There are 2 protein chains.
Amino acid sequence: MTGTGYCRADPNPHDQKAEHTLSMSSEHPTRSTTDDASAGRALVDRLRSDITSSVFAPMEKLKFADLSKRYDVGIGTLREALTQLASEGFVTLEAGKGFKVSPVSREELLEITAHFIDLEKRALAESIQHGDENWESNLVAAHHRLTLIERLSWAERMERHSEWVQRHREFHKALVIACPGKWLVRLRSLMFDQLDRYRFLSKRAPEGLGASKFDEHGRIKDAALDHDVDKAVALIEHHIRDTSERIVSLL
Amino acid sequence: MTGTGYCRADPNPHDQKAEHTLSMSSEHPTRSTTDDASAGRALVDRLRSDITSSVFAPMEKLKFADLSKRYDVGIGTLREALTQLASEGFVTLEAGKGFKVSPVSREELLEITAHFIDLEKRALAESIQHGDENWESNLVAAHHRLTLIERLSWAERMERHSEWVQRHREFHKALVIACPGKWLVRLRSLMFDQLDRYRFLSKRAPEGLGASKFDEHGRIKDAALDHDVDKAVALIEHHIRDTSERIVSLL
DNA sequence: GATACCATAACTTTCGAAACATCATGGATA
DNA sequence: TATCCATGATGTTTCGAAAGTTATGGTATC
């Protein structure tokens, strides 16, 4: 049945190159460059998204019987998906006791934030230096897609939160994608995905947060397009640090 | 808790704490703190080891039928193991075409080396600052186990190469295990394991390499036990960089 | 009353067959 | 000759039943 017909509607506007055929946490949800066998990979994304958005609470036990019904997939497929999420740090696997959602903590947030700032700064600097016209176009497009949602009212944003998460991820990815160091991109993606779990906690914060982040994204984009490495790096560091600090104060 | 009775012979001399119940590439082969369901995890380790030691060549296709016979496990179990190795970067998974061993390249070696140096230095510095008596004892023991093999003749070392890899990994891990940042340890382990693939290439290098490395390990251990952060960090940076440069020259 | 023991239930882990996709071959057609 | 489609072969992906393990609860024993 030809893949599964996941997203034929979207002309998939970025190619950048052949790019990584990696498999890690690089390529994600709906749109699906070099996608997997699709059934299995789609499950990984749904599970990760559900963990990120606290559908399953930290430390909650993930039972195969339940999940199998919920996602309508076989046990083997589930196990494969959970194994990958374990490698990414979203769940833990113990002895013969199955999978649990990884815990969250203030300390972990602080550590992940520090690593992400470090990696993102380096990746962004290299990306700006190596980015070509294609990279610029893709960046502009990704930012535009993000603003379309960020412009909405708070209530509307809440409804389409998973879409925002997705576009926010794509925007940040678009910033660093021209970085030649594949592992640098990979490691920073790992940390970015972990931060998603904590970002969700700031979902409740009414306004106040969204507005300033909206501006920051635009300024970072502009600095990147100007190939102003220092400015872009400084802005993104502030962007990340500020966001995390707001989240810390909510814990 | 009986686990599965993997290694009763070894009194398992390090506890450090409750430690990470993580699942990533943290805990490895034979000895096995917090081990997995054992059948599946053992397979992951054998596969990783076989990829590392070029039993399977880079870019080689990994067929389920072959592997199933070779390791005497079911297809589902294999798939789960390969999924994990894909997350760690040892294999790649494409569309409906199965798994392939990841390629190696000079550029990747250089990048991995740079990341590993950076991460290992930071982890070591923090580990030294936080290490207690238990950490020191474990470090001394790990170093001793390593020297037992390094003291052997070149021919003997060759025969017990996989054991050396294991003990070398444990020694380096013992150095940084007191680092409080779990993700820092995790990321540096990821890079360490990747470097193992390249270290194997230097296996052929007759003598010359082994001797100097032998001394370096000892000096790093001593500096760590002296809690001399600057010295230990400088030594380990040289240790890693020098090793990698020798390997680069063999490519 | 507390503890050890054993049966039962709940769940995890493993396996391989069936469904599905891709690739290679060869013959028909323009 | 080159292109295209059928066809078979090889290999991957998915699933759920069977085997194995851990937790649960109840009974006998001290």
Side-chain angles (χ1 to χ4, degrees), chain A residues 1-8 21-23 27 32-47 56 59-87 90-102, chain B residues 1-8 21 23 27 32 34-47 56 59-87 90-102:
Chain A
M1 47 37 174
T2 94
T4 40
Y6 21 76
C7 68
R8 195 128 29 73
T21 48
L22 292 173
S23 85
E27 233 50 84
S32 59
T33 335
T34 349
D35 204 355
D36 217 337
S38 144
R41 177 53 53 96
L43 176 62
V44 173
D45 291 329
R46 283 208 286 163
L47 266 170
F56 304 109
M59 296 301 275
E60 181 173 344
K61 185 154 202 298
L62 297 170
K63 284 180 270 200
F64 284 100
D66 295 349
L67 298 183
S68 188
K69 275 200 312 175
R70 183 179 222 277
Y71 296 105
D72 192 38
V73 294
I75 291 177
T77 308
L78 259 174
R79 178 156 254 274
E80 183 187 332
L82 287 171
T83 297
Q84 179 173 337
L85 291 177
S87 286
F90 287 96
V91 301
T92 62
L93 171 57
E94 207 177 346
K97 302 172 43 181
F99 293 87
K100 280 213 286 272
V101 177
S102 296
Chain B
M1 52 30 182
T2 92
T4 38
Y6 21 76
C7 65
R8 197 126 26 78
T21 49
S23 86
E27 233 50 82
S32 58
T34 350
D35 204 355
D36 217 338
S38 140
R41 178 52 53 97
L43 176 63
V44 173
D45 290 330
R46 283 210 286 164
L47 265 170
F56 305 109
M59 295 301 274
E60 181 173 345
K61 185 153 202 297
L62 297 171
K63 284 179 268 197
F64 285 101
D66 295 350
L67 299 183
S68 188
K69 275 198 312 175
R70 183 178 222 279
Y71 296 105
D72 192 36
V73 294
I75 291 177
T77 309
L78 259 173
R79 178 156 254 274
E80 184 187 331
L82 288 171
T83 297
Q84 179 173 337
L85 292 177
S87 286
F90 287 96
V91 303
T92 62
L93 172 56
E94 207 177 346
K97 303 170 48 177
F99 292 88
K100 280 212 287 269
V101 178
S102 296

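Every chain is numbered from 1 and lettered A, B, ... according to where its sequence line falls, protein lines coming before strand lines. Note that the structure is predicted; figures quoted are calculated from it, not measured.
Distances shorter than 4.0 Å separate none of the side-chain N or O atoms of A:Lys61 from OP1 or OP2 on C:dC11. Contact check, B:Lys97 against C:dC23: a side-chain N or O comes under 4.0 Å of OP1 or OP2.
No option in B:Arg79, B:Gln84, B:Glu80 other than B:Glu80 meets the side chain to side chain donor-acceptor pair (under 3.5 Å) test with A:Thr83.
Closest to the side chain of B:Phe64, from the set D:dC15, C:dT14, D:dT12, is D:dT12. For B:Val73, counting side-chain heavy atoms from C-beta on, the closest listed nucleotide (C:dC15, C:dT13, D:dT14) is C:dC15.
Rounded to a whole Å, the CD atom of A:Glu94 is 17 Å from the P atom of C:dC11. Atom CG of A:Leu67 and atom C1' of C:dC11 are 12 Å apart (whole Å). Rounded to whole angstrom, the span from the OH atom of B:Tyr71 across to the C1' atom of C:dG16 amounts to 20 Å. The separation between A:Ile75 atom CD1 and D:dA18 atom P is 13 Å, rounded to whole Å. To the nearest angstrom, P of D:dG16 lies 14 Å from NZ of A:Lys69. Across the protein-nucleic acid pair, B:Lys63 atom NZ and D:dT13 atom P stand 14 Å apart, rounded to whole Å. The interatomic distance linking A:Leu78 (CG) with C:dC11 (C1') rounds to 14 Å, in whole Å. Atoms CD (A:Glu80) and P (C:dT12) sit 18 Å apart, rounded to a whole Å.
End-to-end axis angle of the helix from C:dG1-D:dC30 to C:dA30-D:dT1, from C1' rotation axes over five pairs per end: 10° (rounded to 10 degrees).
Minimum interatomic distance between B:Thr92 and B:Ser102 (heavy atoms only, all atoms of both residues): CG2-OG, 3.5 Å. The two residues B:Thr77 and B:Gly40 come nearest to each other via the heavy atoms CG2-CA, 4.2 Å. Counting all heavy atoms, side chain and backbone alike, B:Lys100 lies closest to B:Lys61 at CG-CA, 4.1 Å.
The residue among B:Gly98 and B:Gly76 whose nearest nucleotide of DNA chain D is located toward the 5' end is B:Gly98.
As judged by a 4.0 angstrom heavy-atom cut-off over every strand, B:Leu62 is placed among residues touching the sugar-phosphate backbone only.
Scanning for side chain to side chain contact (heavy atoms under 4.5 Å, CB included) contacts around B:Arg70 gives B:Asp50, B:Val55, B:Phe56, with sequence neighbours left out.
Checked by atom type and distance alone, the side chain of B:Ser68 pairs as donor or acceptor with a backbone atom of B:Val73 at under 3.5 Å.
Rounding to the nearest 0.5 Å gives a distance of 9.5 Å between CG of B:Leu62 and CG of B:Leu78.
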